[in-house]
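In what follows, residues are counted from 1 in the order of the sequence shown.
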Amino acid sequence: MLPKIIDIDDSSFPAASDLLRQDHHTCKRRWTYASCELSRIQQTGVLEEIALEGHHRLAKFSRCSRSSGIPYPNQRMSEAFSYIPMYTQLSLPPPGRKRALLIGINYKGQRFELKGCNNDIHNLSPCLINQWGYNPADIVQLIDDGCNPLPTKHNILLEMHRLAFYARAGDSMFFYFSGHGGQIRDLDGDEIDGYDEFICPVDYQRSGVISDDEIHEIMVKPLAVGSRLTALFDSCHSGTVLDLPYLYDSRQCKFVDGVTPDARIRKRSQAQVVCFSGCGDSEESESVTMPGQAIGGLMTFAFIHVFSCTQTLTFQSRFEQIRAFVRATLPDAKQQPQLSCSNPLDTTLPFYI
């Protein structure tokens, strides 16, 4: 997977070896078996990749390589910081509004370039508008396609803040991320497996990654009572990337701990937050080329297929159908989609976005 990169406080900087966990990189959504040497940039406190060795393993189902031999022009990151965000009104919007933040990153011109993440946004956005009732003016898209604001760390965090800040009772929000994800050593004791999850902005090599702790504090914890957030992550190691306290166990048909018992109360939210993740914390998310369509995330294809159904389906039915779609589409995929939430849910109730 991607080299582990994280912003970290000078006074608590651990040994680099403590931050590393072996992962695998495929040409699809993510990774090679890799060995990394890390050095610390004194000016920023960010870990930087120095050397990475590995090999690519092509998926049988997806015949499109994730690495292009044609270099892309370097993106001018300075443009991102002149970006004027959509939500600039001084007064709060009326309640009952639907708003969405969509992020798709191909990492064009970078060593671990992806091929389907921009396509994922183009596939998902029409569904939000035409089927799920979202106004195009209330959808923010951060994509490295040259036509939208860049998904830099600065811009992603800014829009996460805005999504939560304007939330009011009765509002429905949708968050989507398609790109690279990974794990680092947990430093605050909230992770059952001992590792935090993170996502990579387009400028992660310069600005660092965004950890699940940070995402939770910015986009989950501040949400207003009575508001709803549905999140979808199509990235590796994304099972508990929102740090929600309850994780659905489909074998037992009940919710189990998504965080450590000591962290359960502080990781709750006043809002109803539901997160669909492409895979477990230790797994990889795949990309596939569906018949007649460009390459994209397998989890995204599954989500769109299931939620485009006009039938009234329960939480459990939709989740199980997503898993069934993944198994049927790519039987050898080593990913199990995950469902987590901020508070215990009755999975027999209908679920809408």
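- Among pairs with a residue in residues 324-351, those fulfilling ring-ring contact (aromatic ring centres under 6.0 Å, His included) read F276-F351, H305-F325, F307-F351, F315-F351, at least two apart in sequence or across chains.
- Looking at residues two or more places apart in sequence or on another chain, you find no side chain to side chain donor-acceptor pair (under 3.5 Å) involving D196.
- For S125, the side chain to side chain donor-acceptor pair (under 3.5 Å) partners at least two apart in sequence or on another chain are Q141.
- With sequence neighbours excluded, the residues satisfying side chain to side chain contact (heavy atoms under 4.5 Å, CB included) with N130 are P126.
- For P350 against T312, the heavy-atom pair with the smallest separation is CB-CG2, 3.6 Å.
- A side-chain donor-acceptor contact under 3.5 Å links E197 and T240.
- Checking side-chain atoms of D281 against main-chain N and O of G239 turns up a donor-acceptor pair under 3.5 Å.
- Using a 4.0 Å cut-off between a side-chain N of Lys or Arg and a carboxylate O of Asp or Glu, R168 and D171 do not qualify as a salt bridge.
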As a quick check of understanding, evaluate side-chain contact (heavy atoms from CB on, under 4.5 Å) for C341 and C275, giving each step before the final call. CA-CA 6 Å; C341 58; C275 180; over 6 Å; no

Residues L157, I218; criterion side-chain contact (heavy atoms from CB on, under 4.5 Å); working and verdict: CA-CA 8 Å; L157 294 179; I218 292 173; 3.7 Å; yes

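- In this structure, Q272 contributes its side chain and L229 its backbone to no donor-acceptor pair below 3.5 Å.
- Considering only residues two or more places apart in sequence or on other chains, S250 meets the side chain to side chain contact (heavy atoms under 4.5 Å, CB included) condition with Y248, F319, E320, R323.
- Hydrophobic clustering (side-chain heavy atoms under 4.5 Å, transitive across Ile, Leu, Val, Met, Phe, Trp, Tyr) groups Y176 together with I129.
- Applying the side chain to side chain donor-acceptor pair (under 3.5 Å) rule to S317 yields the partners T314; only residues at least two apart in sequence or on another chain are considered.
- Inspection of the D213 and S211 side chains reveals no N or O donor paired with an N or O acceptor under 3.5 Å.
- For F233, the ring pair (Phe, Tyr, Trp, His ring centres under 6.0 Å) criterion is met by F175, not counting sequence neighbours.
- With sequence neighbours excluded, the residues forming a side chain to side chain contact (heavy atoms under 4.5 Å, CB included) with C147 are D145, listed by chain and number.
- When only modelled atom types and interatomic distance are considered, D203 and T152 share no side-chain donor-acceptor pair under 3.5 Å.
- R97 and D138 are joined by a salt bridge, as a carboxylate oxygen and a charged side-chain nitrogen come within less than 4.0 angstrom of each other.
- The line from CD1 of I156 to CD1 of I215 is 9.0 Å long, rounded to the nearest 0.5 Å.
- For D249, the side chain to side chain donor-acceptor pair (under 3.5 Å) test picks out Q252, with sequence neighbours left out.
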Determine, step by step, whether S282 and Y195 satisfy the side chain to side chain donor-acceptor pair (under 3.5 Å) criterion, reporting the C-alpha distance in whole Å, the side-chain angles of both residues, the deciding distance to 0.1 Å, and the verdict. CA-CA 10 Å; S282 62; Y195 290 91; over 6 Å; no

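- Considering only residues two or more places apart in sequence or on other chains, N343 meets the side chain to side chain contact (heavy atoms under 4.5 Å, CB included) condition with R268.
- Side-chain contact between D212 and L242 is absent, with no heavy atoms from C-beta onward closer than 4.5 Å.
- Between the side chains of Q110 and Q205, at least one donor N or O sits under 3.5 Å from an acceptor N or O.
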